[in-house]
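Position 1 is the first residue of the sequence, and the numbers go up from there.
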Amino acid sequence: MDSSDQRRKRKRFLKPTHHFFSLRSLLYSLSFFAFFFILFRRPTPSFYPLVGSSASFTFHRFSGELTRFKIDDIVLFPDHVLVLVSKDVGFGIGRWNGNRKGLECVYGSNDTDSGGVRDVLSVDEYNDIRWLLRCPLPPPNFSSVVGIRSQGGVVVGTADGGLNSWENLAYEAVVDGNTAVVFVKGISHRQDKESDPNRFNCHFGLGNEKYILTSRVLTAAQEVVRCVLPKSLETHPEKAQGIRVTVSFRMPTFRNRRTHDHRVFVPSVAKISGSTLEEKKPTPKHELCVCTMLWNQADSIREWVTYHSWLGVERWFIYDNNSDDEIQEVINKLDLEGYNVSRHVWPWIKTQEAGFSHCAIRARDECNWVSFMDVDEFYYFPRLTGSDSTGQDALRTLVSNYTSTSPSTGELRTACHSFGPSGLRSPPKQGVTVGYTCRLQSPERHKSIIRPDAMDTTLMNVVHHFHLREGFGYEDVRQSTAVINHYKYQVWEAFRAKFYRRVATYVADWQDSHNEGSRDRAPGLGTEAIEPADWRLRFCEVWDTGLRDFVLANLADISTGVLPWARSLGHTDIEQIQ
């Protein structure tokens with residue numbers, strides 16, 4: 001057959017195929033437009049998985065906007081699973097902030113296709129780049145790797161990373177000048193001791209296995225590692241937004257034998273957020289601020305803030321350690337009333353020392369002095385009781401005197417008197433300062449007010465005191481000048497909540513038999529939350545009504561006798577003191 005005949009046959013064969021592809025393209029185009037018409041005309045929020053190489057992304061349509069949803073990390077705690085979720089501008093999950101309704105935790109299993117499902121415990125805005133969700137522990141035979149879905153069955157987010165154990169984890173990172181401070185669990189268990197910084201390195205990158213920058217460590221103590229900020233991030237701080245940071249350590253030699261430099265990388269969920277990169281505008285500092293860490297203290301915090309604000313506290317940093325009461329609403333109301341209170345979500349359990357180090361960094365640009373104390377601790381000035389002076393701003397005046405006359409004093413230590421139930425059977429309606437009036441005779445502890453600028457670069461503290469830079473010292477405040485009333489042993493209803501968990505890293509939980517004779521425990525109580533028959537009469541060696549009289553004389557309403565915090569709770573009667 002000649003070439004011309006072959007060309008004619010090929011043309012006859014190709015012609016209908018050309019029509020076939022045109023028709024199929026038309027059908028695909030119509031289907032494509034129909035799909036998007038149906039997609040965008042639906043009135044209710046829906047979630048659609050993004051098909052691709054990574055299962056960790058979905059598109060979330062909320063209020064007509066498509067945004068990206070990604071579960072960054074999952075951390076397994078003893079009593080819950082923490083899910084860290086990245087967010088973008090307009091991130092749809094924001095409508096669930098503070099409201100656990102509407103989202104569910106989905107647990108995978110190798111034995112079943114259905115998986116386990118539990119309601120989300122809580123949703124919180126963690127910082128400017130992340131949300132966090134708390135899920136219950138998985139049901140038996142299910143994995144702790146969690147997906148999140150909306151009620152109704154549509155999966156809205158899954159994780160591409162593995163499960164992180166809380167016992168070994170880099171969990172927080174902040175930029176502090178030309179250094180980065182990394183908070184790490186599991187590299188050191190030595191309280192009040194420094195580690196050799198040459199054993200460690202810091203690493204910066206985009207993911208757990210994509211660390212591209214390494215820097216040397218300057219100090220390492222307890223759970224805090226300070227390292228040099230890489231030049232590229234120091235010069236262009238905007239590039240540090242969302243950078244993951246971890247620490248590696250060199251394995252010790254065996255019997256002094258030199259081996260190759262084997263380094264172990266600590267798993268990390270720590271990312272640098274934009275809030276730690278912002279340049280602080282030079283503004284006048286507050287003379288006195290307070291930092292605390294709390295869990296479920298919504299019923300107590302108003303009395304504590306109101307009273308100490310009257311004594312002169314100007315700024316409050318509240319580190320919320322997984323509360324599930326109404327603490328956010330109470331703090332919002334206090335802030336609206338002008339008390340300058342901010343809540344910082346701190347999901348890391350038993351890290352009070354590290355949290356205080358973190359707070360010292362935050363407060364340094366805003367405060368000359370910071371008091372570190374608990375919500376059940378109240379300053380009292382014995383000399384002012386019954387005097388002509390009202391005592392208003394007394395605490396701020398105390399620290400101001402040291403600001404102007406003693407620049408080398410970096411820490412003020414005030415003794416604490418521990419109060420007992422004082423014969424009461426139920427929480428006092430007018431608050432702890434009026435209701436509890438019987439205490440142990442001798443002080444048990446002290447609490448500190450520090451200059452943040454005087455704190456040692458290790459940021460090391462043992463809750464009750466802080467390590468200071470060279471050239472600074474501490475001073476004990478005379479008990480005749482000021483003491484702290486520590487309402488440590490309240491009525492059993494209130495005290496029992498303490499059995500949930502201790503917040504300090506190096507203090508044994510109440511249920512643990514370790515160190516039962518410690519002053520951090522209730523003497524003779526044991527390790528079970530069972531009320532002793534004589535509880536209301538315990539810890540009563542000295543009747544002390546000084547702070548009660550001070551409060552009633554200075555803060556009670558002249559006509560009704562009602563105190564500011566009691567009025568806010570709806571109490572208008574004066575509790576009869578027995």
Side-chain angles (χ1 to χ4, degrees), residues 292 294-297 299-301 303-304 307-308 352 372-382 385 413-448 463-464 477 479-480 482-504 506-552 575-578:
T292 195
L294 54 76
W295 173 77
N296 282 3
Q297 295 287 340
D299 292 338
S300 306
I301 191 172
E303 178 183 7
W304 185 69
Y307 172 74
H308 285 99
Q352 187 176 29
F372 291 85
M373 58 177 175
D374 299 329
V375 178
D376 59 357
E377 295 168 341
F378 289 74
Y379 273 85
Y380 167 50
F381 294 83
T385 303
R413 298 181 178 180
T414 308
C416 299
H417 283 297
S418 295
F419 279 70
S422 305
L424 301 180
R425 298 182 183 276
S426 58
K429 293 181 180 179
Q430 282 196 300
V432 297
T433 54
V434 172
Y436 298 116
T437 54
C438 201
R439 60 171 174 83
L440 297 177
Q441 184 171 5
S442 300
E444 286 191 304
R445 292 284 192 182
H446 69 261
K447 288 298 173 77
S448 295
V463 179
H464 305 291
V477 177
Q479 293 187 41
S480 59
V483 294
I484 291 176
N485 281 12
H486 185 186
Y487 299 103
K488 183 176 181 179
Y489 310 113
Q490 300 184 25
V491 295
W492 185 258
E493 175 187 331
F495 183 83
R496 182 176 52 192
K498 291 189 175 185
F499 273 80
Y500 178 67
R501 184 188 294 119
R502 312 298 291 272
V503 295
Y506 301 97
V507 175
D509 284 342
W510 294 92
Q511 301 93 331
D512 296 341
S513 58
H514 174 68
N515 203 16
E516 286 191 58
S518 168
R519 287 183 296 174
D520 291 301
R521 291 182 176 272
L525 185 61
T527 59
E528 297 183 10
I530 300 174
E531 181 180 4
D534 63 341
W535 177 259
R536 68 187 185 92
L537 303 175
R538 286 192 177 189
F539 319 109
C540 184
E541 296 175 350
V542 177
W543 286 97
D544 182 349
T545 62
L547 183 53
R548 182 199 69 177
D549 299 337
F550 180 76
V551 165
L552 292 176
E575 183 176 5
Q576 191 173 19
I577 307 299
Q578 297 181 356

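- Under the salt bridge (charged side-chain N to carboxylate O under 4.0 Å, His left out) criterion, no residue pair touches residues 417-426, with sequence neighbours excluded.
- Qualifying side chain to side chain donor-acceptor pair (under 3.5 Å) partners for Thr292, counting only residues two or more places apart in sequence or in other chains: none.
- Glu541 is linked by a side chain to side chain contact (heavy atoms under 4.5 Å, CB included) to Leu440, Gln441, counting only residues two or more places apart in sequence or in another chain.
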For this session: Take Glu493 and Ser426, measure what side-chain hydrogen bond (donor to acceptor under 3.5 Å, both in side chains) needs, and give me the verdict at the end.
Result: CA-CA 7 Å; Glu493 175 187 331; Ser426 58; over 6 Å; no
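- Residues that satisfy the disulfide bond (SG atoms under 2.5 Å apart) test with Cys438, not counting sequence neighbours, are Cys540.
- Within the model, atoms CG of Asn485 and OG1 of Thr437 stand 10.5 Å from one another, a figure rounded to the nearest 0.5 Å.
- Between Glu444 and Lys488 there is a salt bridge, since a side-chain N of the basic residue sits under 4.0 Å from a carboxylate O of the acidic one.
- Between Pro382 and Gln479 the shortest heavy-atom distance is CG-O, 3.7 Å.
- Proximity of Glu531 to Arg496: side-chain heavy atoms (C-beta onward) are nowhere separated by under 4.5 Å.
- Ring centers of Tyr487 and Phe378: under 6.0 Å apart, within the cut-off.
- No side-chain donor-acceptor contact under 3.5 Å links Arg548 to the backbone of Val434.
- Taking both residues in full, the closest heavy atoms of Trp543 and Ser422 are given as CH2-O, 4.1 Å, listed atom of the first, atom of the second, then distance.
- Residue pairs meeting the salt bridge (charged side-chain N to carboxylate O under 4.0 Å, His left out) criterion with at least one member in residues 430-441, sequence neighbours excluded: Arg439-Asp544.
- Qualifying salt bridge (charged side-chain N to carboxylate O under 4.0 Å, His left out) partners for Arg413, counting only residues two or more places apart in sequence or in other chains: Glu411.
- Here Thr414 contributes atom OG1 and Met373 contributes atom CE; the two are 9.5 Å apart, rounded to the nearest 0.5 Å.
- Going from atom CZ of Phe381 over to atom CG of Leu547 covers 10.5 Å, rounded to the nearest 0.5 Å.
- Partners of His486 by side chain to side chain donor-acceptor pair (under 3.5 Å), not counting sequence neighbours, listed by chain and number: Asp376.
- For the ring pair (Phe, Tyr, Trp, His ring centres under 6.0 Å) test, no residue two or more places apart in sequence or in another chain qualifies with Tyr379.
- Of all non-hydrogen atoms in Val491 and Trp535, the two that sit nearest each other are C-NE1, 3.9 Å.
- The shortest non-hydrogen separation linking Trp492 to Pro532 is CZ3-CD, 3.8 Å.
- Asp374 has a carboxylate O that lies under 4.0 Å from a charged side-chain N of Lys447, or vice versa, which qualifies the two as a salt bridge.
- Under the rule for a side chain to side chain contact (heavy atoms under 4.5 Å, CB included), the partners of Ser480 that lie at least two apart in sequence or sit in another chain are Arg383, Arg478.
- Aromatic ring orientation, Phe550 versus Tyr380: perpendicular (interplanar angle above 60°, classes split at 30° and 60°).
- Legend: residues meeting side chain to side chain contact (heavy atoms under 4.5 Å, CB included) with Gln297, ordered by chain and number and at least two apart, are Leu294, Ser300, Val375.
- The heavy-atom pair separating Pro421 from Phe539 by the smallest distance is CD-CD1, 4.0 Å.
- Of all the heavy atoms in Thr433 and Glu303, the pair that sits closest is OG1-OE2, 2.7 Å.
- For Gln490, there are no side chain to side chain donor-acceptor pair (under 3.5 Å) partners, not counting sequence neighbours.
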